[in-house]
Amino acid sequence: FNSIRLIETESLAPESPESQEPPSTVSVIHLQADGSGDYVSLPEAVTAAPAGATINLGPGTFRLEEPLVIEKAVHLKGAGMDLTEIEADADEFVVWFSGEGPFFSEDITYRHAGAQTADVVVATEGEVTFERSRFAGAVFDSETSEGGKGLFLINTTAVVRECTAVNNELAGIQVDTDNTSDLATIEKNILNDNPAGVGVVFVGHAQGIARRNECSRNSQGIIVTDQAQPTLEANVCKENIGNGIAFWGESGGEARETDVSHNEFGGIEVNNSAQPLLEENFIRYNGGSGILYLGSSGGTARKNDCSMNEMNGIDLGDTAQPTLEENNCKGNGSDGIGYYTNSGGTARGNVLTGNTRNGISVRGDSQPTLLSNVCSGNGSAGISYLENANGMASKNTCSENLLGFYISEESYPTVEENSCSNNEEAGIYYSLNATGIARMNEIVGNGICIYVPETADPELDNNHCQDNIEGEIVDERQ
């Protein structure tokens with residue numbers, strides 16, 4: 001049990017008898033872990049405290065026999081989150097803040113110490129602020145989908161700053177709102193080492209901003225789902241088991257200037273119908289692809305550095321249709337950009353260099369529009385079309401690859417006004433049953449200008465071939 005002392009009250013009298021302002025009262029309660037404070041326990045202190053009171057908690061562990069519900073404005077102030085703990089082993093939660101507030105907590109660790117299903121701290125409605133607080137030990141029940149959240153914010157206007165969430169089974173922090181006017185500011189927190197959970201989750205209609213947080217060594221770094229629309233800015237999402245960041249459901253919002261690297265599965269996943277803006281992120285050295293679009297997702301990826309990932313810099317599958325602009329995809333283990341299945345959209349002004357296979361690969365029934373991209377120094381083709389792929393490639397630069405364009409199988413793209421120079425084997429190389437159109441391309445200094453086998457049947461129109469080493473147009477149909 002916690003020890004206690006009486007409420008300390010300071011009355012601030014009017015400066016003169018003429019003053020019309022009533023006296024104001026500031027209440028301060030002191031609690032000590034050894035029982036020498038104002039009250040016998042923290043629950044008794046909360047019951048006795050007037051609205052707006054400050055409860056100072058000294059060093060030590062304040063153990064609760066049952067979960068504590070706080071339904072009035074109160075300020076809980078510890079001696080430091082490494083010194084002051086509020087702990088319970090009951091189910092459901094450790095502390096629940098409910099009502100209009102404002103509630104303020106600083107310099108305290110909240111810990112769930114038992115094996116029963118529980119969140120650690122829950123806040124519903126009103127205004128809440130947590131600074132320099134720790135949330136640890138939440139337990140998740142996979143059968144009931146209850147518990148597991150270090151800090152659970154429901155329909156609140158919240159500020160969470162310089163806090164830590166660790167060893168929580170579902171999420172370090174989860175933000176869930178039904179009202180888009182409830183905004184959360186999640187800033188400068190360390191949300192690491194939740195190995196079965198997520199650093200931060202935004203669900204429902206959650207909005208607000210997550211800025212300069214570290215979300216590392218979790219199952220996932222940050223998840224945005226349902227119809228949430230947060231801004232994620234300048235976070236570090238590294239060394240997570242799954243993705244650094246994931247946008248699911250019908251979510252959107254923005255992720256910008258974030259370090260998303262060294263994650264085991266991938267950098268950023270955009271799935272279902274999500275439509276985020278991804279801008280100026282550093283997405284490198286991930287075990288899968290830098291950015292992965294799936295489902296019917298879209299949005300825009302702009303000016304991201306998607307380099308040195310084990311698979312593709314940017315990977316698109318299913319019916320995804322994003323806009324890819326001015327991204328740098330360098331030195332990836334497969335393709336700079338890979339389109340698969342029925343994906344499409346527009347790739348414009350991207351730089352795709354030094355990738356193991358292709359600068360851009362288009363497969364399946366994909367039909368992207370490729371405009372003004374630079375594809376150079378890739379191990380296979382600058383741009384490759386396979387299977388039944390089609391779409392438009394215009395004003396791209398494909399240089400110093402094995403092949404400028406490789407068009408094979410049943411693919412049938414329109415390739416026009418591109419520059420193909422200094423590719424080792426050919427500027428444009430058709431294979432198998434490929435068709436389509438090659439029109440008004442500038443093809444200079446390659447092994448062969450254009451190669452067409454007997455089985456392929458593209459339309460070649462007004463291409464300019466110059467200084468190709470082994471021949472200009474080699475057309476085996478003739």
Side-chain angles (χ1 to χ4, degrees), residues 1-12 24-65 67-88 93-113 119-137 150-153 156-166 172-173 184-190:
F1 294 94
N2 309 325
S3 26
I4 34 211
R5 287 199 290 141
L6 282 173
I7 300 178
E8 198 178 87
T9 303
E10 301 174 7
S11 294
L12 306 178
S24 62
T25 301
V26 177
S27 298
V28 181
I29 297 172
H30 296 279
L31 299 183
Q32 299 296 331
D34 64 359
S36 59
D38 289 335
Y39 284 88
V40 177
S41 67
L42 176 58
E44 289 187 38
V46 169
T47 299
T54 296
I55 301 177
N56 286 327
L57 304 175
T61 300
F62 296 79
R63 292 185 175 87
L64 304 175
E65 286 193 328
L68 174 62
V69 177
I70 301 176
E71 297 180 294
K72 63 180 73 171
V74 70
H75 180 177
L76 297 183
K77 184 175 182 179
M81 65 178 171
D82 293 328
L83 298 174
T84 301
E85 288 198 4
I86 298 174
E87 181 183 277
F93 55 88
V94 176
V95 177
W96 187 306
F97 296 92
S98 177
E100 294 183 2
F103 306 108
F104 195 96
S105 169
E106 60 180 323
D107 299 312
I108 297 170
T109 285
Y110 298 87
R111 187 182 304 278
H112 180 257
D119 300 312
V120 180
V121 173
V122 181
T124 56
E125 304 177 347
E127 298 180 11
V128 296
T129 299
F130 295 91
E131 292 188 349
R132 299 178 302 280
S133 299
R134 180 184 289 120
F135 314 98
L151 174 61
F152 190 15
L153 303 171
T156 63
T157 297
V159 176
V160 185
R161 184 179 291 119
E162 297 179 354
C163 294
T164 297
V166 61
I173 298 174
T185 299
I186 312 296
E187 187 172 44
K188 297 182 181 179
N189 303 286
I190 298 175

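Across all their heavy atoms, Leu83 and Ala79 have their closest contact at CD1-O, 3.4 Å. Closest heavy-atom contact between Val128 and Ala123: CG1-CB, 3.9 Å.
Annotation: side chain to side chain contact (heavy atoms under 4.5 Å, CB included) contacts of Ala73 (sequence neighbours excluded): Pro102. By the side chain to side chain contact (heavy atoms under 4.5 Å, CB included) test, Ala88 pairs with Leu64, Val94, sequence neighbours left out.
Under the side-chain contact (heavy atoms from CB on, under 4.5 Å) rule, Leu42 has a single partner from Ile29, Ile86, Thr47, which is Ile86.
Of the possible polar contacts, one joining the Thr84 side chain to the Gly58 backbone as a donor-acceptor pair under 3.5 Å is found. With hydrogens and angles ignored, the 3.5 Å screen pairs no side-chain donor or acceptor of Thr156 with any backbone N or O of Gly126. The closest donor-acceptor contact from the side chain of Asp119 to the backbone of Phe93 lies at 3.5 Å or more, if one exists at all. With His112 contributing its side chain and Gly137 its backbone, the two residues share a donor-acceptor pair below 3.5 Å.
With values rounded to the nearest 0.5 angstrom, Leu76 atom CG is found 10.5 Å from Phe104 atom CZ. Taken from CD1 in Ile190 to CD in Glu162, the straight-line distance is 9.5 Å, to the nearest 0.5 Å. Going from atom CG of Leu31 over to atom CG of Asn56 covers 8.5 Å, rounded to the nearest 0.5 Å. The CD1 atom of Ile173 sits 6.5 Å away from atom SG of Cys163, with the distance rounded to the nearest 0.5 Å. Taking NZ of Lys77 as the reference point, atom OG of Ser105 lies at 12.0 Å (rounded to 0.5 Å). Separating the NZ atom in Lys72 from the CZ atom in Phe103 is a distance of 10.5 Å, to the nearest 0.5 Å.
Legend: salt bridge (charged side-chain N to carboxylate O under 4.0 Å, His left out) pairs involving residues 125-136, not counting sequence neighbours, sorted by first then second residue: Asp82-Arg134, Glu106-Arg132, Asp107-Arg132, Glu131-Arg161.
Taking the six-membered ring for Trp and thresholds of 30 and 60 degrees, Phe135 and Tyr110 have nearly parallel ring planes, at less than 30 degrees apart.
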*Checking side chain to side chain contact (heavy atoms under 4.5 Å, CB included) for the pair Val46/Val74: CA distance, chi angles, key distance, verdict?*
CA-CA 8 Å; Val46 169; Val74 70; 5.6 Å; no
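In this structure, Phe62 and Ile108 have side chains that are not in contact, with every pair of non-hydrogen atoms separated by 4.5 Å or more.
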